[in-house]
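Lettering of chains follows the sequences in order, A, B, ..., and the numbering in each one begins at 1.
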Amino acid sequence: MKYSEFFIPTLKEVPSDAEIISHKLMIKAGMIKQSSAGIYSWLPLGLKVLKNIESIIREEQNNVGANEMLMPTIQSADLWIKSGRYDDYGKEMLRINDRSGREMLYGPTNEELITDIFQTYVTSYKELPKNLYHIQWKFRDELRPRFGVMRGREFLMKDNYSFDLNEDAAKISYNKMFKAYIKTFLRMGLTPISLRADTGPIGGNLSHEFQILANTGESTLYYDQELESLDPESLDPDKLQSYYAAVDDQHDPKKCPIAKEDLKISKGIEVGHIFYFGTKYSEKLNAYVQDHNGKQVNVHMGSYGIGVSRLVGALIEANHDDKGIKWPKSVAPFKLSIVNLMSDDLNCNTKSLEYYSYFMKENIDTLYDDRNCSIGKKLSDNDLIGTPIQIIIGKRDLAAGVIEIKDRILDKTEKIQIDDVKKVALKKLKS
RNA sequence: CGGGGAGUAGCGCAGCCUGGUAGCGCACCUGGUUUGGGACCAGGGGGUCGAAGGUUCGAAUCCUUUCUCCCCGACCA
């Protein structure tokens, strides 16, 4: 993509609305525009990141046999009345009447709908286990939306629902998902910490929340330091779940089972939550199958959420400096910037275009900064929008036979002999 | 929902106390000069001051009502 053809309205000054760093940077980098409290438009650059995050999540979900589908944002109140949640959900649920006065709602979650879909089609234990998910916008009319997309009223969420014959089978499904979650966050360059979460009144139920480490996070985490260096190839959910990890109000230094030197304290942001809740919804919404003996049994369900739009903010909280965003390569909107410092110089143009077409052919999502503006603006814009690898082409360097390559994440630049530029850049991009 | 704060040009702000018909920086447009870290000079365009009502000869400014947004708290992906 040529910068001159792309819509990235970067700002020098940020609207006074924004308070936390990720929100400021998202506005500054032209990723989002607020529409009303807790509701945002996603501009092209922001959308690219959102899509990159989505596709990592999608790949890891599909890898463990989850089925992607898409349910509507607007739901009829009927199923919610059946499940009893139409009253329970309170003011957080956005209620709407259609033209004939029927009660509708903008879905805050999808247990009711999915259970209804399941019970329509599945009648035998032979079809289990099943795991269905979708990535869809939700709406929760929060008491107080804040922190930009980290706590919006409208937000994009990946939610799955697992269906199993009994509790043991459901726990296998649960652990599969657990593992997929850890892998997903690791691929985004994040450090996930899983914590056993409170599940409320129904005993025997299981729930974990997933936080990622970020200095500016909302919660304070106490955890075994081994959780910081997980090997995705040898992930064992049971072992992982046995490590110590707690948020500050659950952490009691006297009862902490691990040695002080192994205990780490850090700030975290919650980006995912998984639950096993047994037959809670399958009973109310008549989701049952026939077992081996021909007996009707309610299916055991779990639900699994990842805050996709929240992750965009969380990733920035975890990866930035005073110049802007430092995207991990896996989610970066552009992997490579070619910064042409002198857009009316023939040599600079020729070289820039050569690299641009080369890296596009190599399937590298490349931003070619061909704008006719000052050097300072180009360099600072590319730093702000956080392209991890930048090739900086200037008249002076070209005359000296070199080109500069910047690693935005390490914040290091080096001068490379012109003949080596493609090779070096490719190597950095793949590392 | 309780407590605090803010709405004046696209963005950041001043003006309000003490009423006299709106200003600065950035951005934008034109011309020129520049070019290795958000350029410089000259010229220029853009605002019914969140909305409604009231007081007054006259309201951004005073009074009333209302809407919106932000921050702190309780709740959450």
Side-chain angles (χ1 to χ4, degrees), chain A residues 9-20 23-24 27-28 30 33-40 53 57 89-93 107-110 135-160 181 185 197-198 200 207-212 218-219 247 249 268-275 303-314 322-324 339-345 348 369 371-385 390 392-400 402-404 406 413 415:
Chain A
T10 59
L11 299 175
K12 220 164 166 178
E13 279 166 313
V14 185
S16 47
D17 289 2
E19 190 63 22
I20 62 161
H23 191 195
K24 282 186 184 165
I27 293 170
K28 246 185 126 175
K33 182 184 188 302
Q34 180 162 344
S35 161
S36 59
I39 302 177
Y40 296 86
I53 291 171
I57 292 172
Y89 229 94
K91 285 194 167 177
E92 272 204 7
M93 184 185 278
T109 177
N110 288 68
I135 299 174
Q136 177 64 293
W137 293 92
K138 309 286 190 292
F139 193 91
R140 292 182 194 169
D141 202 351
E142 297 273 350
L143 289 179
R144 182 153 95 88
R146 62 183 122 174
F147 304 143
V149 299
M150 298 245 284
R151 182 85 179 278
R153 292 195 292 173
E154 189 184 49
F155 58 99
L156 188 61
M157 180 162 113
K158 185 283 303 172
D159 43 325
N160 333 31
Y181 268 44
F185 299 129
D198 211 3
S207 173
H208 282 88
E209 61 177 59
F210 293 81
Q211 303 237 3
I212 58 100
E218 273 188 278
S219 16
V247 288
D249 56 346
I269 299 169
E270 187 182 357
V271 292
H273 207 144
I274 64 179
F275 304 86
S303 76
Y304 313 86
I306 292 181
V308 181
S309 47
R310 168 178 282 193
L311 265 169
V312 180
D322 55 351
K323 290 185 218 151
V339 186
N340 183 352
L341 293 185
M342 199 79 63
S343 63
D344 49 10
D345 179 83
C348 289
D369 194 346
R371 291 174 301 166
N372 182 17
C373 66
S374 78
I375 288 159
K377 180 163 171 55
K378 285 189 196 188
L379 294 171
S380 55
D381 273 347
N382 281 281
D383 283 347
L384 172 64
I385 66 174
Q390 301 172 21
I392 298 164
I393 297 171
K395 208 171 167 177
R396 213 159 69 193
D397 277 355
L398 280 188
V402 295
I403 281 173
E404 188 172 303
K406 178 192 279 184
T413 60
K415 309 264 190 190

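What separates NZ of A:Lys28 from P of B:G10 is a distance of 21 Å, to the nearest Å. In this structure, A:Leu379 places its CG atom 16 Å from P of B:U35, rounding to the nearest Å. Atom-to-atom, CZ of A:Arg371 to P of B:C28 comes out at 11 Å; the value is rounded to the nearest Å. Rounded to whole Å, the distance from CD1 on A:Ile393 to C1' on B:U35 is 16 Å. A:Asp369 places its CG atom 14 Å from the C1' atom of B:G36, with the value rounded to the nearest Å. Rounded to whole Å, the distance from NZ on A:Lys91 to C1' on B:C75 is 15 Å. We find that CG of A:Leu341 is positioned 6 Å from C1' of B:G36, with the value rounded to whole Å.
Contact annotation for A:Asp397: base contact, defined as any heavy-atom pair under 4.0 Å involving a base atom. Contacts of A:Gly305 with the nucleic acid, taken as non-hydrogen atoms under 4.0 Å apart, are absent. As judged by a 4.0 angstrom heavy-atom cut-off over every strand, A:Gly152 is placed among the base-contacting residues. Within the nucleic acid shown, A:Glu209 has no heavy atom closer than 4.0 Å to any nucleic acid atom. Within 4.0 Å of A:Asp345, counting heavy atoms only, lies no atom of the nucleic acid at all. Within the 4.0 angstrom heavy-atom criterion, only backbone atoms of the sugar-phosphate kind lie near A:Glu270; the bases stay farther away. Note on A:Val308: nothing from the nucleic acid sits closer than 4.0 angstrom, heavy atoms only. Using a 4.0 Å heavy-atom cutoff across all strands shown, A:Thr109 reaches no nucleic acid atom at all.
When the side-chain nitrogen and oxygen atoms of A:Ser380 are compared with OP1 and OP2 of B:G38, none of them lie within a distance under 4.0 Å. Contact annotation: A:Arg144 side-chain N/O to B:C72 OP1/OP2 distance is under 4.0 Å. Dashed line: the shortest gap from a side-chain N or O of A:Ser16 to OP1 or OP2 of B:G12 is under 4.0 Å.
When the nucleotides B:C70, B:G37, B:G12 are ranked by their closest atom to the side chain of A:Pro15, B:G12 comes out on top. When the nucleotides B:C75, B:G25, B:A39 are ranked by their closest atom to the side chain of A:Ser374, B:A39 comes out on top.
With a cut-off of 3.5 Å on both Watson-Crick or G-U wobble distances, the partner of B:C28 is given as B:G44.
Remark: the A:Arg146 side chain and the B:C76 base include no donor-acceptor N/O pair separated by less than 3.5 Å. Contact of A:Lys406 with B:G37 (side chain to base): a donor-acceptor pair of N or O atoms is detected under 3.5 Å.
Under the 30°/60° scheme for interplanar angles, the aromatic rings of A:Phe185 and A:Tyr181 are found to stand perpendicular.
A gap of 12 Å separates the P atoms of B:A60 and B:A52, to the nearest Å.
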